[in-house]
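A short worksheet on the structure shown next.
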Amino acid sequence: MLDSITDGFYALNKNWEVTFMNRAAEQALCCTREEVMGKNLWDFFPRSREGRFYQEYERAMNERVSVHFEECYAPLGVWGSMNVYPTKDGIVVYFVDITEQKKIQEKIYNDGQNLRAIINNTRDLIWSVDRQSQIITGNQAFWDRVKKLTDKNEDEVTNADFVEERLKVFFESYERAFTDEAFSLVREREIEGKKVYEELNFNPIRDLHDVVIGVNCLVRDITESQEHLHKIEDQNKRLREIAWIQSHRVRVPVASILGLVQLCDLNDSPNAEIISKLKISAEQLDKVIMEITGLTDDLI
């Protein structure tokens, strides 16, 4: 029966000698029962004294109590969920190989640490809420903002701690995102007498069945980019004004000069040479004005 189970099992007498080992234990510990039977466990597996093995086995042996613990046998890289029971002759060890489970847990932990490092390495506020609009999680920047607004830590704050009017835009956006819509908003507000622009992003969170169970939110300060945009818009306005001046107020007198030059009779005038050069200069000036107007229109 012990050989038919998929979990490891072995027995030790009071001298720490192996008196039985099933097939699953042979496979997990990379040995055969013929090799290990009658041998002192700590001599056959010398590095098994490391970690908690020796300490817990000795406690079960001497105090006659059952113990449970999880430990890794480093030489083989095998994790076991260990159950040790006292017997009349010594102890028996029943263990489950949880190596793959530990690898998955380690990957989940590392992925979580990497994700936390990424979302905490930003000044953007990132958080998520459930269908009751309760906060599920948030990055450090978010909790720092919450602390500043409410003077409470993440395990103390509730929706009631926020100004209702300030939360209105968020609650309305949560409801919109729960309809399976991802979207962004830009809001303008005043902080300490200064205009601040923020971009608000809302994205649905889905479960394995593609059902929306939450909303991921991100708030980014875009004040600098908005101020730059307004500066460009102001520059474009000025360019349009310059273009109008170039094409109307400057070009009109130049056109008048060209018209007057055409009326002059160069054959009878003692200033014929000067008038001719004046015409050439006016034509050149007119051409420059047209080029500037064209470039201004292109920039706009």
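Residue numbers start at 1 and run along the sequence shown. Just so it is clear, the model here is predicted, and its values are computed rather than measured.
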Nearest heavy-atom pair of [X] and [Y]: which atoms, and what distance?
X      : Y      : value
Ile91  : Trp16  : CD1-CZ3, 3.9 Å
Tyr174 : Cys217 : CE2-SG, 3.5 Å
Phe44  : Glu35  : CE1-O, 3.6 Å
Phe142 : Ile126 : CB-O, 3.7 Å
Ala177 : Pro204 : O-CG, 3.5 Å

[X] side chain vs [Y] backbone, donor-acceptor pair below 3.5 Å:
X      : Y      : result
His68  : Val84  : no
Asp3   : Asn22  : no
Glu71  : Gly51  : no
Asn153 : Glu156 : no
Arg49  : Pro46  : no
Asn203 : Ala182 : no
Asn110 : Glu106 : yes

Under-4.0 Å salt bridge between [X] and [Y]:
X      : Y      : result
Glu26  : Arg23  : no
Lys194 : Glu188 : no
Arg189 : Glu198 : yes
Asp144 : Arg123 : no
Lys39  : Asp43  : no
Lys195 : Glu227 : no
Glu56  : Arg59  : yes

In the single-linkage hydrophobic clustering (I, L, V, M, F, W, Y; side-chain heavy atoms under 4.5 Å), do [X] and [Y] co-cluster?
X      : Y      : answer
Ile136 : Val215 : no
Val78  : Phe45  : yes
Phe183 : Ile205 : no
Leu200 : Leu229 : no

Check whether any side-chain heavy atom of [X] lies under 4.5 Å from a side-chain heavy atom of [Y], and answer yes or no.
X      : Y      : result
Glu224 : His228 : no
Cys31  : Met21  : yes
Gln27  : Asp97  : no
Lys231 : Gln235 : yes
Cys30  : Leu76  : yes

#### Entry: Pairing residues for Gln55 by the side-chain hydrogen bond (donor to acceptor under 3.5 Å, both in side chains) criterion, not counting sequence neighbours
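If we apply the side-chain hydrogen bond (donor to acceptor under 3.5 Å, both in side chains) test to Gln55, skipping adjacent residues, there are no hits.
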### Query
With clusters built from Ile, Leu, Val, Met, Phe, Trp and Tyr whose side-chain heavy atoms come within less than 4.5 Å, directly or transitively, what are the remaining members of the cluster of Tyr94, listed by chain and number?
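Cluster partners of Tyr94: Leu2, Ile5, Phe9, Phe20, Trp79, Tyr85, Val92, Val96, Ile98.
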### Query
To which residues is Ile222 joined in a hydrophobic cluster, defined by side-chain heavy-atom contacts under 4.5 Å among Ile, Leu, Val, Met, Phe, Trp and Tyr, whether direct or through other members?
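Other cluster members: Val186, Tyr197.
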Would you give the length of the straight line joining atom [atom1] of [X] to atom [atom2] of [Y], rounded to the nearest 0.5 angstrom?
X      : Y      : atom1 : atom2 : value
Gln226 : Glu233 : CD    : CD    : 8.5 Å
Tyr73  : Ser48  : OH    : OG    : 5.5 Å
Asp124 : Ile119 : CG    : CD1   : 11.0 Å
Gln140 : Thr122 : CD    : OG1   : 12.5 Å
Cys72  : Lys102 : SG    : NZ    : 9.5 Å
Glu17  : Leu41  : CD    : CG    : 11.0 Å

### Task
Determine, stepwise, if the pair Phe171 / Ser133 fulfils side-chain contact (heavy atoms from CB on, under 4.5 Å).
CA-CA 7 Å; Phe171 283 124; Ser133 298; 3.3 Å; yes
### Task
Could you walk me through whether Val146 and Lys152 pass the side-chain contact (heavy atoms from CB on, under 4.5 Å) test, one step at a time?
CA-CA 7 Å; Val146 169; Lys152 290 187 177 182; 5.7 Å; no
### Task
Just do the side-chain contact (heavy atoms from CB on, under 4.5 Å) check on Phe170 and Val219 with the steps written out, would you?
CA-CA 11 Å; Phe170 292 103; Val219 172; 4.1 Å; yes
### Phe202 six-ring centre to Arg176 NZ/CZ under 6.0 Å and within 45° of normal
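Judged by the rule, Arg176 and Phe202 form no cation-pi pair.
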### Query
What do the steps show when you test Asn15 against Asn40 for side-chain contact (heavy atoms from CB on, under 4.5 Å), and what is the final call?
CA-CA 7 Å; Asn15 295 321; Asn40 183 287; 5.8 Å; no
### Message
Testing the 3.5 Å rule here: is there a donor-acceptor pair between the side chains of Asp89 and Thr87?
### Response
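There is no such pair (donor and acceptor under 3.5 Å, judged by atom type) between the side chains of Asp89 and Thr87.
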### Query
Can a donor-acceptor pair be found between the side chains of Thr19 and Asn13 at a distance below 3.5 Å?
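On atom types as modelled, these side chains do not qualify, holding no pair under 3.5 Å.
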Take atom [atom1] of [X] as the centre, draw a 6.0 Å sphere, and report whether it contains more than 12 heavy atoms from other residues, nucleotides or ligands.
X      : atom1 : result
Glu70  : CD    : yes
Gln134 : CD    : yes
His230 : NE2   : yes

### Message
Under 6.0 Å between ring centres: does that hold for Tyr57 and Trp42?
### Response
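Between Tyr57 and Trp42, the centre distance is under 6.0 Å.
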